[in-house]
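Inspection log for the structure reproduced underneath, given as C-alpha cells.
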Amino acid sequence: MKKIKRIGILTSGGDCAGLNSVISSVVAAAEKKGWEVYGIHNGTEGITESPHGYQVLTLKDFCDSPWPRLSGSYLGSLNKGLRIESLEEVSQRFAKGVKDLGLDAIVLVGGDGSMNIVSNMSRCSKVKMIGIPKTIDNDTPITESSVGFQTAVEYCTTSIDSLELTARSHNRAMIIEVMGRDAGHLAIHSAIAGQADVCLIPEVPYSLDGIIEKLKEIKDRGRNHAVIVVSEGCKTEDGYTVSQRSNMVGEKVYGGISEYLNAELTKRYHGMQFRSVTLGHLQRSGVPSARDRLLAYLFGAHAVELLDKGEDRRMVIWKDGKISSVPLADVVKAGTTFVNPKGKYVTTAKALGIYVGEI
Ligand code: F6P
C-alpha cells in the first residue's frame with residue numbers, strides 16, 4: 001500500500017455552515033499522521049485550472065485561526081454545475097492537476113451532485129478519495145445527516161418565529177420560501193419546529209383550495225393570521241416550475257414559488273392579506289450550530305482514519321447514531337434522498353394539523 005504523504009481537501013457545491021470545521025478536523029488529524037494538507041481553492045477548479053489554486057494548511061495557521069468557528073468556505077466553493085459533455089475533458093485536466101500537485105488522496109466535502117462528479121474524476125485520476133457529506137438540502141443519500149443542515153433548520157425556524165409575530169400584528173398570512181432544491185427536508189423540519197400552518201414540499205401535491213380551506217379553519221377558530229412554509233422546488237398547482245434565474249451553465253435555479261402563491265391566494269381568498277418572503281442565502285450562512293460542528297469534527301477525523309487504513313472511494317455517514325462509511329458507488333447509485341410522503345415527518349406534521357398537501 002502506497003504511503004500517504006500529501007492529501008488535498010476541497011469544498012464543492014453550495015456552501016453551508018460547518019465547512020471550516022470539517023477542514024479543521026481533517027488538517028488536525030492529518031498533521032498527527034505526518035501528512036501534508038493542500039487546501040484546494042474554489043472546488044475542483046483549484047486542480048483543473050492552471051495555475052492551480054491551493055495553499056498548505058497547518059494546525060498553526062488554520063486550526064488556530066477563527067475560521068473553524070465561521071460559516072462559508074475558507075477555500076471557496078463552486079456551485080455552477082458542469083455540462084455532462086465536458087466531463088471527460090475536465091477529468092483529464094483533473095488527473096493532470098492531481099499529478100502536478102503530488103496528491104496521494106482527496107477529501108471532498110460536497111453534496112450528492114459533487115460526490116457523483118468528483119468520484120468520476122478521481123477514478124479517472126487513480127487518486128484515492130473519501131467524501132464527506134454537506135448540504136443544507138439534506139438530500140445526500142444513505143447518511144441521515146449532512147453538515148450544514150441543522151444550522152439551516154435553526155435559521156429557518158427562527159425566521160418562522162419572527163415572521164409569525166409580524167403576521168400576527170397585521171392579520172396576514174406570511175408565505176415563507178425556503179431552499180432545498182427538489183427535496184423538502186428543510187421545509188418540513190422547520191415548519192414542524194416553527195409550528196407553521198401550511199407546509200408545501202415538492203414530494204407531496206397540493207391544491208390552492210386545500211390551502212384556503214386551512215386558512216378558513218384557522219379564521220373560524222378566531223385567529224386572523226397564518227404561516228405558510230413552501231419549499232423552493234414546489235411547482236405551481238398545475239405542475240409548472242417557477243424559476244427566475246439561471247446559473248453559469250444555464251441551468252434553472254429555483255426561486256419564486258412564494259410569489260406565485262402570494263398572487264394566486266390573494267386573487268382567491270380575501271380573509272387575510274398575504275405577504276411573501278424568501279429566506280435566500282442567509283439559510284446557508286448562520287453561525288454553525290454545535291450539532292453541525294460536532295458532525296463536521298467526527299466526519300473529518302473519520303475520513304482521515306479511512307485513508308490511513310488504505311480505504312478508497314467511500315463516503316462517511318451518520319446512521320443509527322453512529323459514524324461509519326459506505327462505498328461511493330452506493331451513494332451515486334442511490335441518487336437523491338427525498339422526504340418520504342408516508343414517513344415520520346409528514347405524518348407528524350399532519351398530526352399537528354399542518355396542511356402538507358393532498359395526502
Ligand atoms: O444545494 C444548496 C442550495 O442552497 C439549494 O438549496 C439552492 O437551490 C441552491 O443551492 C442555490 O444555489 P446558488 O448558490 O447557485 O444560488
Side-chain angles (χ1 to χ4, degrees), residues 10-20 22 42-45 71-83 108-118 131-141 143 145-157 159-160 176-191 199-203 229-235 241-260 276-286 288-289 292 295-296 315 331-332 334-339:
L10 58 98
T11 55
S12 180
D15 70 344
C16 63
L19 294 177
N20 298 313
V22 178
N42 303 326
T44 47
E45 269 187 8
S71 274
S73 171
Y74 177 71
L75 297 172
S77 195
L78 195 64
N79 197 19
K80 65 176 188 187
L82 187 65
R83 286 194 196 284
L108 164 78
V109 194
D112 57 341
S114 307
M115 289 296 159
N116 189 357
I117 292 170
V118 182
I132 296 180
K134 66 87 219 169
T135 168
I136 68 162
D137 305 338
N138 213 34
D139 57 354
T140 305
T143 187
S145 294
S146 293
V147 173
F149 177 64
Q150 201 53 47
T151 307
V153 172
E154 296 292 342
Y155 179 80
C156 293
T157 305
S159 303
I160 294 170
I176 306 168
E177 180 173 324
V178 307
M179 282 184 170
R181 275 200 219 274
D182 297 304
H185 301 285
L186 188 52
I188 194 105
H189 280 244
S190 51
C199 175
L200 308 181
I201 57 174
E203 294 86 344
V229 172
V230 59
S231 182
E232 63 175 1
C234 284
K235 296 191 166 42
T241 301
V242 183
S243 196
Q244 293 174 331
R245 59 201 172 93
S246 307
N247 68 12
M248 286 165 85
V249 291
E251 292 165 341
K252 288 277 177 221
V253 176
Y254 290 139
I257 185 69
S258 56
E259 282 158 36
Y260 157 82
S276 50
V277 177
T278 300
L279 300 185
H281 292 80
L282 287 163
Q283 294 162 89
R284 299 215 303 230
S285 53
S289 69
D292 271 334
L295 199 61
M315 185 182 84
V331 177
V332 172
T336 302
T337 299
F338 297 103
V339 174

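Just so you know, ligand 1 is whichever comes first in the structure, and atom 1 is the first atom listed for that ligand.
Between Q283 and ligand 1 there is no heavy-atom distance shorter than 4.0 Å. Ligand 1 is never approached by G111 to a heavy-atom distance shorter than 4.0 Å.
Between atom CG of residue D139 and atom CZ of residue F338 there is a gap of 7.5 Å, rounded to the nearest 0.5 Å. The distance from atom CG of L10 to atom CD of E45, rounded to the nearest 0.5 Å, is 11.5 Å. The CG atom of L186 lies 10.0 Å from the CD atom of Q150; values are rounded to the nearest 0.5 Å. Note that CD of Q283 and OG of S159 are 7.5 Å apart. Values are rounded to the nearest 0.5 Å.
Among S12, S77, C16, the one residue that satisfies the side-chain contact (heavy atoms from CB on, under 4.5 Å) test with K134 is C16.
The shortest N or O to N or O distance between R284 and ligand 1 is under 3.5 Å. For the pair E232 and ligand 1, the shortest N or O to N or O distance falls below 3.5 Å. At a 3.5 angstrom cut-off on N or O pairs, M179 does not count as close to ligand 1.
In terms of the side chain to side chain donor-acceptor pair (under 3.5 Å) criterion, S145 has no residue partners (sequence neighbours excluded).
Close approach to H281 involves these atoms of ligand 1, each under 4.0 Å from a residue heavy atom: 13 (P), 14 (O), 16 (O). Heavy-atom proximity to G180, at under 4.0 Å, picks out these atoms of ligand 1: 6 (O).
Under 4.0 Å from ligand 1, the heavy atoms of I136 that appear belong solely to its side chain.
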